[in-house]
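Notes for the one structure printed next.
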Amino acid sequence: MTWIETVIISIVEGLTEFLPVSSTGHMIITQNLLGIPQGDPFVHAFTFIIQFGAILSVVCLYWKRFFVFDHSPAPVGSNLLGKLKHRFHFYWLLIVGVVPAVVVGLLAKKSGLLDWLLDSVEVVAVMLVVGGVFMLYCDKLFNKGDEVNKVNERRAFNIGLYQCISVIPGVSRSMATIVGGMTQGLTRKKAAEFSFFLAVPTMAGATLLDLLDLLKEDASWATSHNISMLILGCVVSFVVALLAMKWFVGFLTKYGFKAFGYYRIIVGGIIIVLLLTGHSLAMVD
């Protein structure tokens, strides 16, 4: 990978991480367009690691939610665990929500399914179209939610179950978790914000796991060039994601999913046509 390719992929990651269009799917498509060889361990790891830069933008934008704790008195009769859950309620919800993804993600990685999916642009294209069609109707399928409803343990766990679907590239973690939140009676805004929050432990865990795997298998990738590309990728994705996230909340609240649905169908459809007609996505062979 070159410096220019690193910047391009990182911009794509930052723009799409929190939009319901699948950031992983778009990075796979971008890598194919740029002619970057698939199947390389460093390329796989790069795809996940630069997402860590994007999720740090969540901590930056919503820092009060991450670093301000609940100092109000715990319910009468609470034991030590109950008092801790009350004070660190926000973090407890994230733990509950991330458990399903940890289980499914580890199983998919251990079985080799995840690596196979990351190499399949066909899977990305099909899931973009399928997800796009769904998004055209999901605003009608689920009501706009109630402002009174808040994320509790049950809702957090159920949203976490929806997040598991996003192990398939092209589905979109953002779409899965926002729709999951809407099915639990949350408003689009609250569902989107919890989707952002849940991305932090989910992607941080995925990043750490990939780093450990890379170091365990072969540390020869850790050249100054590759490490510099990872740092640059994280910085670029952080800045771009910060801007994209602020725009997305307002747009989703006002207009819903339909525009993203049409976009997914068009992009996925073009790729399917190209693949069926024997064309390569690579702009440079």
Side-chain angles (χ1 to χ4, degrees), residues 1-2 4-51 54 108 112-138 162-179 199 203 206 233 236-237 240-241 244 248 251-252 255-285:
M1 291 174 59
T2 65
I4 294 178
E5 289 170 344
T6 298
V7 171
I8 292 174
I9 295 172
S10 301
I11 290 175
V12 170
E13 156 58 21
L15 285 173
T16 59
E17 177 61 43
F18 301 108
L19 304 186
V21 295
S22 178
S23 61
T24 303
H26 274 69
M27 282 193 286
I28 292 172
I29 292 170
T30 303
Q31 289 165 7
N32 275 269
L33 288 172
L34 294 174
I36 297 173
Q38 300 300 294
D40 181 87
F42 177 72
V43 174
H44 279 175
F46 181 84
T47 301
F48 278 106
I49 293 173
I50 65 168
Q51 294 180 69
L113 175 63
L114 188 57
D115 287 337
W116 177 79
L117 289 171
L118 286 173
D119 286 335
S120 178
V121 71
E122 294 85 359
V123 171
V124 172
V126 171
M127 295 313 301
L128 280 174
V129 173
V130 172
V133 172
F134 170 76
M135 291 173 71
L136 296 181
Y137 301 97
C138 68
Y162 276 88
Q163 180 171 240
C164 294
I165 306 172
S166 64
V167 72
I168 306 173
V171 168
S172 170
R173 191 205 64 81
S174 177
M175 182 188 78
T177 49
I178 294 174
V179 170
M203 298 314 304
V236 172
S237 64
V240 176
F248 174 58
F251 185 91
L252 181 67
Y255 299 106
F257 287 104
K258 189 168 289 188
F260 298 107
Y262 285 123
Y263 170 80
R264 290 174 63 111
I265 293 171
I266 292 171
V267 173
I270 291 173
I271 295 172
I272 290 174
V273 171
L274 288 173
L275 294 175
L276 289 177
T277 54
H279 291 82
S280 170
L281 293 187
M283 293 185 293
V284 179
D285 290 327

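Being a predicted model, the structure only gives us computed values, none of them experimental. Only heavy atoms go into these numbers, but all of them, side chains included; no hydrogens, no water, no symmetry mates. When a residue number appears, it is its place in the shown sequence, counting from 1.
Considering every non-hydrogen atom in both S22 and G170, the closest pair reads OG-N, 3.0 Å. When all heavy atoms of T47 and M27 are compared, the pair lying nearest together is O-CE, 3.1 Å. The shortest non-hydrogen separation linking V273 to T277 is O-OG1, 2.8 Å. Nearest approach of V171 to R264, heavy atoms of both residues: O-NH1, 3.3 Å. Between Q163 and A176, the shortest heavy-atom contact is CA-CB, 4.3 Å.
Partners of F134 according to the ring-ring contact (aromatic ring centres under 6.0 Å, His included) rule, which considers only residues two or more places apart in sequence or in another chain, do not exist here. Qualifying side-chain contact (heavy atoms from CB on, under 4.5 Å) partners for L276, counting only residues two or more places apart in sequence or in other chains: I272. Contacts of I265 classified as side-chain contact (heavy atoms from CB on, under 4.5 Å), with partners at least two apart in sequence or in another chain: V133, L136. Under the ring-ring contact (aromatic ring centres under 6.0 Å, His included) criterion, Y263 pairs with H26, not counting sequence neighbours. Not counting sequence neighbours, Y162 has no partner by the ring-ring contact (aromatic ring centres under 6.0 Å, His included) test. In this structure T177 satisfies the side chain to side chain donor-acceptor pair (under 3.5 Å) test together with S195, sequence neighbours excluded. The side-chain contact (heavy atoms from CB on, under 4.5 Å) test applied to I266 returns I270, not counting sequence neighbours.
Considering CD1 of I8 and OG1 of T30, their distance stands at 8.5 Å, rounded to 0.5 Å. Separating the CZ atom in F260 from the CZ atom in F251 is a distance of 5.0 Å, to the nearest 0.5 Å. Expressed to the nearest 0.5 Å, how far CD of E5 lies from CZ of F46 amounts to 9.5 Å. A distance of 10.0 Å separates CD1 in I9 from CG in L33, rounded to the nearest 0.5 Å. Rounding to the nearest 0.5 angstrom, the gap separating the CG atom in L34 from the CD1 atom in I4 is 10.0 Å.
Side chains of I271 and N32 form no contact here, defined as non-hydrogen atoms less than 4.5 Å apart. The shortest distance between side-chain heavy atoms of V21 and V267 does not fall below 4.5 Å. The shortest side-chain heavy-atom distance between L252 and I178 falls under the 4.5 Å cut-off. Residues M175 and C138 have side chains not in contact (no heavy-atom distance under 4.5 Å, counting atoms from C-beta outward).
No side-chain donor-acceptor contact under 3.5 Å links S10 to the backbone of V236.
Heavy-atom neighbours of Y137 OH from other residues, nucleotides or ligands within 6.0 Å: at or below the threshold of 12.
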In a table with atom names and distances, give each donor-acceptor pair under 3.5 Å that connects a side chain of residues 11-20 to protein atoms at least two apart or in another chain.
residue	atom	partner	partner atom	Å
T16	OG1	V12	O	2.6
E17	OE1	S23	OG	3.1

Problem - side-chain contact (heavy atoms from CB on, under 4.5 Å) evaluation trace for I28 with V123 - result: CA-CA 11 Å; I28 292 172; V123 171; over 6 Å; no
